[in-house]
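Numbered from 1 within each chain, the chains take letters A, B, ... in sequence-line order. Just so you know, these numbers come straight off a predicted model, no measurement behind them.
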2 protein chains.
Amino acid sequence: MSHYQRHVFFCINDRGPDSDRPSCNRCGSAAIRDYAKKRIKDLGLSGAGKIRVNQAGCLDRCEQGPVCVVYPEGTWYTYVDESDVDEIIESHLVGGVPVERLEI
Amino acid sequence: MSHYQRHVFFCINDRGPDSDRPSCNRCGSAAIRDYAKKRIKDLGLSGAGKIRVNQAGCLDRCEQGPVCVVYPEGTWYTYVDESDVDEIIESHLVGGVPVERLEI
């Protein structure tokens, strides 16, 4: 196993309101990243050998965003709100079962 | 295979010069990320099915930094300069052979 059992990256790129291209933080992805990070910590799941949540720059799947990716599986998700993130945490990060309905 | 064959994340966290804890960008990691991103693009290695280089927030291995991680392998590296990054690109990202001397 690598340093973390599962490592999640949320794209928080923001092209600003005047761009003609979408970007994940236009959908509030930075706040969702904060939520996921706190939830993992509150559940006692953070740290070496466990789970890490990070922000990342543009993951270049803008049209399908907001997106996050879970490694080492390389599972890509889109999400709408905190309840989607809760489902990814409980099913995939903890239980090891990807959330098919959110996969892109 | 996931969306990218290999996905590299460089920690560019910066606690500022007054912190008593190290942080990767105190060693210039953002500039190294820029270098890696450009090098991958110049080599024609960027895009879906190929290689993606991203910045990330604190990867929480500060004392061993500056660090980057390569997924899906979950290989963690430290590096000093552009030549180290060139070696990671040529040996690991292109050739699939991790650079043991830089692994943490």
Side-chain angles (χ1 to χ4, degrees), chain A residues 1-14 23-25 29-38 40-41 45-78 92-93 98 100 102-104, chain B residues 1-14 23-25 29-38 40-41 45-78 92-93 98 100 102-104:
Chain A
M1 194 182 75
S2 183
H3 187 68
Y4 298 117
Q5 182 185 21
R6 290 197 170 88
H7 202 162
V8 190
F9 296 89
F10 284 84
C11 175
I12 63 159
N13 192 42
D14 196 324
S23 51
C24 291
N25 196 45
S29 62
I32 288 285
R33 181 273 325 263
D34 290 343
Y35 174 78
K37 207 166 179 91
K38 182 175 187 308
I40 290 295
K41 189 173 179 185
L45 298 172
S46 63
K50 296 191 277 186
I51 295 167
R52 181 78 181 171
V53 174
N54 275 111
Q55 68 181 57
C58 179
L59 299 178
D60 203 24
R61 304 194 74 175
C62 316
E63 282 68 22
Q64 295 167 287
V67 300
C68 66
V69 58
V70 179
Y71 284 108
E73 292 92 334
T75 306
W76 289 78
Y77 291 114
T78 188
H92 188 165
L93 304 187
E100 281 187 26
L102 299 175
E103 282 188 55
I104 58 173
Chain B
M1 195 182 74
S2 183
H3 188 67
Y4 298 117
Q5 183 184 21
R6 291 197 170 88
H7 202 162
V8 190
F9 295 90
F10 284 84
C11 175
I12 62 158
N13 192 41
D14 197 325
S23 52
C24 291
N25 196 44
S29 63
I32 288 284
R33 182 274 324 265
D34 290 343
Y35 173 79
K37 208 168 178 90
K38 183 175 187 307
I40 290 296
K41 188 173 180 183
L45 298 172
S46 63
K50 296 190 277 187
I51 295 167
R52 181 80 182 168
V53 173
N54 275 111
Q55 68 181 58
C58 178
L59 299 178
D60 204 22
R61 304 194 74 176
C62 317
E63 283 67 22
Q64 295 166 286
V67 300
C68 66
V69 58
V70 179
Y71 284 109
E73 293 92 335
T75 306
W76 289 78
Y77 292 113
T78 189
H92 188 165
L93 303 187
E100 281 188 26
L102 299 175
E103 283 189 55
I104 59 174

Query raised in the report: Which atoms of B/C11 come close to chain A, meaning under 4.5 Å heavy atom to heavy atom: side chain ones, backbone ones, both, or neither?
Result: neither
Query raised in the report: Any idea how B/H3 and A/W76 line up, ring-wise: parallel (<30°), tilted (30 to 60°), or perpendicular (>60°)?
Result: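 Correct class here is perpendicular.
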Query - Test item: A/S46 side-chain N/O and A/R52 main-chain N/O as donor-acceptor pair under 3.5 Å - result: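 It does not hold such a pair.
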Query raised in the report: Do the side chain of B/T78 and the main chain of B/P66 share a donor and acceptor less than 3.5 angstrom apart?
Result: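 Checked: pair present.
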Query raised in the report: What residue in B/A48, B/A56, B/C58, B/G47 has the most heavy-atom pairs under 4.5 Å with chain A?
Result: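 Option with the top pair count is B/C58.
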Requested in this report: Report, as yes or no, whether the 6.0 Å neighbourhood of atom CD on B/E100 holds more than 12 heavy atoms from other residues, nucleotides or ligands.
Outcome: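 Open.
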Report task. Answer with side chain, backbone, both or neither: which region of A/L59 has an atom nearer than 4.5 Å to a non-hydrogen atom of chain B? Result -> both
Query raised in the report: So which part of A/N54 gets closer than 4.5 Å to some heavy atom of chain B, the side chain, the backbone, both or neither?
Result: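 For A/N54, side-chain heavy atoms alone lie under 4.5 Å from chain B.
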Query raised in the report: A/E73, A/Q55, A/R33, A/R61: which one forms the most heavy-atom pairs within less than 4.5 Å of chain B?
Result: A/R61
Requested in this report: Determine, step by step, whether A/Y4 and B/V69 satisfy the side-chain contact (heavy atoms from CB on, under 4.5 Å) criterion, reporting the C-alpha distance in whole Å, the side-chain angles of both residues, the deciding distance to 0.1 Å, and the verdict.
Outcome: CA-CA 11 Å; A/Y4 298 117; B/V69 58; over 6 Å; no
